[in-house]
Each structure stands twice: as C-alpha cells, then as structure tokens.
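First the structure, in the form of structure tokens, and then the observations on it.
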Amino acid sequence: QTLKALQVQMQRLQAENRSIKEENKTLHADKPKRKRRADTQHEFSVHEDTITIYARKYGMMVEMFPSSELLNKKRPASPTAFDSSERYVTAATEETAFLDELYRHFPELLHKVMESSFFSDLVLKSIPDTRANEIKKLCGVAGDIFGLPAKYFTNPQYDRASVPEIRQLLGVTSTSNVVYKTFPPVLFPKLIEDKSLKTVFGNWELLARILKASLRGVASLHQESSGGGAHTNSLKWSVHQTTPGSIAWAAVIVIFLLSPDTEFSSSGTGKKSNICYRNLFHLYKKVLITKWATKRIATIVTNINHYIFKAAKASAFNSAEQDDHADAINRALAALEMDSDSESDAELNN
C-alpha cells in the first residue's frame with residue numbers, strides 16, 4: 001500500500017515537472033516578442049510630441065472630424081488630389097483624397113508610424129482637446145465678435161435660444177418647434193440668405209475674427225500686434241494663410257457659439273440643439289473646395305488672409321483703413337458673379 005502511494009506521488013511530480021518545462025518553453029518563446037513590442041512602442045512614443053503638434057493643427061486647419069477608420073490606412077499610390085473638385089465625385093475618390101491630405105499634412109518622418117493605433121489614438125485625442133480649449137477662449141470674446149452682450153456666451157447657463165438677435169442669426173423662426181438651417185443667415189452678407197449659395201461665406205469678417213482669435217490670440221482682436229508672441233497657434237504651427245478646412249471650422253464654431261449647446265460633443269452632434277456639426281463641417285468644406293477657384297471665394301479668402309495675417313505687419317494700418325478695405329471688398333463681392341456656380345444646395349448634398 002505504501003509503495004503504491006509512493007508510485008502515485010512520483011507520477012504526479014513527474015507530470016508537474018513536465019508542465020513546468022512546457023511553461024518555461026512558452027515564456028522563453030514569448031520573451032523576444034515582448035521585447036519587440038516594447039521596442040515598437042518606444043519607437044512610436046519618441047514621436048508623441050510631434051504627432052500632437054501636427055494633430056492640433058490638423059483639427060483646425062484641415063479636418064475637424066477625421067474618420068477613425070481611415071486614419072490608419074496606407075497612402076494610396078495614385079490618390080485623388082485633396083484640393084481637386086474631383087474629390088467629391090465618388091466615395092472612393094473622397095477616401096483617397098482624404099488620405100492624400102492626411103499624408104501631406106503630417107511630415108514624412110511620421111509616415112512610418114501612421115498605420116499604428118498609437119498614431120490614430122493620439123490624433124483622435126488631440127483634436128477634441130484643442131477644440132475645447134479654443135472654444136473656451138472664444139467664449140470670452142464672443143460678445144465682441146458678434147457685437148452682442150458678453151453674458152450670452154460667458155455664462156454657460158444663459159438661455160441663448162430665447163435671444164431674438166441670436167435666433168435671427170441662426171434663422172430660427174419658432175421657439176417651440178426649432179429647426180436649425182444648414183446654411184443659416186449668419187453665413188451670408190447682411191444676413192440675407194441665398195438658396196443658390198452664391199453668396200455663402202460672404203459674411204467673411206465674422207469668420208475672420210473667429211480665426212484671428214484662434215490663430216493669433218484673443219488679444220489680436222483689439223490690437224495691431226499679434227498678442228501672445230511665440231505662444232500663438234499661427235507661430236507654433238507656421239500658419240500664414242487660411243485653408244478650406246479652417247474656414248469650414250470657423251463656420252461650424254460660429255454656429256456652435258450661437259447654439260444652445262454648452263459643450264462640443266465628441267460625437268459631433270449637439271446635445272441640446274441636435275445640430276450635426278460633423279455634417280455641417282463636411283458640407284462647408286465640400287462647398288469651399290469645389291468653389292475655391294471661383295472669383296468670389298478667392299476674394300473672400302484673400303480678404304480673410306489680409307484680416308488675420310497682414311494687418312499686424314503694417315504699422316500704419318489703422319481701424320478706419322481696415323474698415324475702408326473691408327467695404328471695398330464687400331462692394332467687389334456684390335459685383336462679382338460666381339462663374340460656373342449653377343449647383344444648388346441639393347446638388348451639393350449629392
């Protein structure tokens with residue numbers, strides 16, 4: 001009986017020993033893999049600061065709501081040019097143009113890490129963080145930007161939906177059954193809507209003020225110097241001109257600031273207003289890119305660029321001269337016809 005018990009115990013010990021040997025083999029085999037993963041993670045992390053800087057700029061100047069599904073895709077061999085009107089012909093051309101713009105924006109030294117989740121996770125975190133920071137700053141000067149009492153924007157609890165002037169800017173005619181327009185009056189000169197969209201973004205001064213405050217600091221709205229020195233986004237990001245993405249960004253921010261929403265949801269849809277800011281951005285950028293070469297949009301872009309970047313360089317450029325310049329541009333815009341601009345709002349949504 002004792003001998004049998006010893007034999008059973010011996011068999012059990014032998015089995016345990018075999019199991020330990022197998023575990024050691026597995027651990028030994030996994031060790032290089034863990035080392036490779038650690039090396040890869042280190043390779044990614046050394047680029048973290050660079051990715052973050054370019055991602056912040058990307059979110060304001062290029063793409064407000066980048067597709068998480070496309071961020072990790074390879075650069076296509078023959079993409080549709082990102083600034084071409086052909087971009088929006090099909091879903092395939094839009095995808096390759098998105099990737100073309102993405103890879104052109106981020107420097108080549110980052111291209112090798114752009115197919116990693118480390119890259120996409122960092123981009124998708126940096127964009128809303130930066131946007132929230134910009135919105136917070138803009139709320140402090142929105143009263144000056146819109147020519148309305150500051151309390152409408154500095155007090156998160158203020159009922160903006162009840163303010164007649166704000167309803168007029170948004171084109172809201174009812175307080176009970178509120179419907180927000182895709183292209184509200186605030187985007188048109190003198191708040192006069194144009195269903196053909198020939199004059200959309202004609203209220204360029206408002207968009208310019210939003211971008212100037214965000215790119216060159218809120219102090220730049222009240223003084224000729226840039227304000228903030230090297231800490232301004234325009235200097236940190238080396239921005240010297242506007243883009244279709246940045247003007248679309250400013251237009252969306254204008255609508256958000258006027259809306260009853262108190263926070264910019266990461267989903268892109270207003271919690272109170274139910275405005276789909278994601279769709280607005282996409283449509284505004286589409287209009288701007290497809291019309292970028294027209295005389296009217298070219299004039300608007302030139303004037304926005306002058307308002308943001310040029311005034312600070314001319315010491316004798318006073319507010320009266322700036323008003324005269326703006327009036328001259330507005331008169332020119334009123335006289336211009338957008339050649340080959342026959343597309344309607346419905347066509348642009350196709």
Side-chain angles (χ1 to χ4, degrees), residues 32-134 214-215 233-249 252 264-268 277-279 281-286 288-289 292:
K33 294 180 183 178
R34 288 202 302 273
K35 185 178 186 302
R36 284 196 295 272
R37 282 197 297 268
D39 290 344
T40 302
Q41 193 68 16
H42 175 71
E43 181 186 358
F44 291 164
S45 64
V46 297
H47 296 298
E48 183 171 352
D49 290 344
T50 306
I51 293 171
T52 301
I53 290 171
Y54 278 89
R56 289 169 178 167
K57 178 181 178 181
Y58 182 75
M60 185 186 297
M61 304 300 295
V62 181
E63 195 65 45
M64 198 173 194
F65 298 99
S67 167
S68 57
E69 296 177 0
L70 296 181
L71 277 177
N72 295 135
K73 285 203 171 186
K74 290 183 179 180
R75 188 176 199 171
S78 302
T80 303
F82 75 91
D83 55 354
S84 165
S85 58
E86 300 297 311
R87 173 176 184 150
Y88 298 99
V89 172
T90 66
T93 58
E94 189 167 357
E95 178 176 317
T96 62
F98 172 92
L99 292 170
D100 179 49
E101 193 169 35
L102 178 72
Y103 276 89
R104 283 173 181 265
H105 175 79
F106 286 89
E108 192 170 349
L109 67 92
L110 296 177
H111 290 184
K112 59 185 178 181
V113 302
M114 286 173 65
E115 293 177 46
S116 68
S117 59
F118 178 87
F119 172 80
S120 57
D121 289 348
L122 193 51
V123 169
L124 293 173
K125 178 183 182 302
S126 300
I127 290 176
D129 286 353
T130 303
R131 183 170 58 232
N133 186 50
E134 294 306 317
S214 294
L215 290 171
N233 288 330
S234 64
L235 290 174
K236 286 189 293 185
W237 300 341
S238 297
V239 174
H240 307 293
Q241 60 185 5
T242 54
T243 60
S246 65
I247 296 174
W249 182 92
V252 170
F264 203 106
S265 172
S266 58
S267 69
Y277 298 107
R278 179 186 296 271
N279 288 350
F281 176 82
H282 181 268
L283 185 54
Y284 295 167
K285 185 175 177 180
K286 178 180 179 180
L288 286 159
I289 285 179
W292 198 250

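For the single chain, residues carry numbers from 1 onward in sequence order. Quantities reported herein were computed from a predicted structural model and do not represent experimental measurements. These numbers come from the heavy atoms of this one structure, side chains and all, not from hydrogens, waters or symmetry mates.
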How far apart are the closest heavy atoms of [X] and [Y], and which atoms are they?
{"X": "Trp249", "Y": "Ser214", "answer": "CH2-OG, 3.5 Å"}
{"X": "Ala55", "Y": "Ile127", "answer": "O-CG1, 3.5 Å"}
{"X": "Met114", "Y": "Asn72", "answer": "O-ND2, 3.3 Å"}
{"X": "Glu101", "Y": "Val62", "answer": "CD-CG1, 3.4 Å"}
{"X": "Val113", "Y": "His47", "answer": "CG1-CD2, 3.9 Å"}
{"X": "Ile53", "Y": "Trp237", "answer": "O-NE1, 3.9 Å"}

Just to verify, what does [X] make a side-chain hydrogen bond (donor to acceptor under 3.5 Å, both in side chains) with, not counting sequence neighbours?
{"X": "Thr50", "value": "none"}
{"X": "Glu63", "value": "Lys285"}
{"X": "Lys112", "value": "none"}
{"X": "Lys57", "value": "none"}

Contacts table for residues 74-84: side-chain donor-acceptor under 3.5 angstrom, sequence neighbours left out:
{"residue": "Thr80", "atom": "OG1", "partner": "Thr96", "partner atom": "OG1", "Å": "3.3"}
{"residue": "Ser84", "atom": "OG", "partner": "Glu86", "partner atom": "N", "Å": "2.9"}

Any chance you could measure [X], atom [atom1], to [Y], atom [atom2], to the nearest 0.5 Å?
{"X": "Glu115", "Y": "Ser120", "atom1": "CD", "atom2": "OG", "result": "11.0 Å"}
{"X": "Phe118", "Y": "Ser45", "atom1": "CZ", "atom2": "OG", "result": "6.0 Å"}
{"X": "His282", "Y": "Phe65", "atom1": "NE2", "atom2": "CZ", "result": "12.0 Å"}
{"X": "Leu102", "Y": "Arg104", "atom1": "CG", "atom2": "CZ", "result": "12.0 Å"}
{"X": "Tyr284", "Y": "Asn279", "atom1": "OH", "atom2": "CG", "result": "10.5 Å"}

Arg56 and Lys236, any side-chain heavy atoms less than 4.5 Å apart: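 Answer no - side chains too far apart.
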Which pairs pass side-chain hydrogen bond (donor to acceptor under 3.5 Å, both in side chains) with one or both residues in residues 123-133, sequence neighbours excluded?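 Applying side-chain hydrogen bond (donor to acceptor under 3.5 Å, both in side chains) to every pair that reaches into residues 123-133, excluding sequence neighbours, yields Lys125-Asp129.
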Hey, mind stepping through Met60 and Val239 against side-chain contact (heavy atoms from CB on, under 4.5 Å) and telling me if it holds? CA-CA 11 Å; Met60 185 186 297; Val239 174; over 6 Å; no
Restricting to salt bridge (charged side-chain N to carboxylate O under 4.0 Å, His left out), what partner residues turn up for Arg278, sequence neighbours left out?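 Expected list: none.
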Could I get the full list of salt bridge (charged side-chain N to carboxylate O under 4.0 Å, His left out) partners for Glu134, not counting sequence neighbours?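 Partners of Glu134 by the salt bridge (charged side-chain N to carboxylate O under 4.0 Å, His left out) criterion, ordered by chain and then number, come out as Lys137.
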Not counting sequence neighbours, which residues clear ring pair (Phe, Tyr, Trp, His ring centres under 6.0 Å) with Phe98? List them please.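 For Phe98, no residue satisfies ring pair (Phe, Tyr, Trp, His ring centres under 6.0 Å) once neighbours in sequence are set aside.
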Going by ring pair (Phe, Tyr, Trp, His ring centres under 6.0 Å), name the residues that satisfy it together with Phe281, two or more places apart in sequence or in a different chain.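 By the ring pair (Phe, Tyr, Trp, His ring centres under 6.0 Å) rule, Phe281 matches no residue at all.
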Looking at Thr243 and Met61, would you say the former's side chain and the latter's main chain have a donor-acceptor pair under 3.5 Å?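 Present.
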Quick one: side chain to side chain contact (heavy atoms under 4.5 Å, CB included) partners of Ser266, sequence neighbours excluded?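 Testing Ser266 for side chain to side chain contact (heavy atoms under 4.5 Å, CB included), a comparison that skips the adjacent residues, returns none.
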Restricting to side chain to side chain contact (heavy atoms under 4.5 Å, CB included), what partner residues turn up for Leu124, sequence neighbours left out?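 So Leu124 forms a side chain to side chain contact (heavy atoms under 4.5 Å, CB included) with Pro66, Ser68, Leu71.
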Anything under 30° is parallel, anything over 60° is perpendicular, the rest tilted; go ahead and classify Phe106 against Tyr54.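 Rings of Phe106 and Tyr54: tilted, as their planes differ by 30° to 60°.
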Report, as yes or no, whether the 6.0 Å neighbourhood of atom CZ on Phe119 holds more than 12 heavy atoms from other residues, nucleotides or ligands.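 For Phe119, atom CZ is crowded (more than 12 foreign heavy atoms under 6.0 Å).
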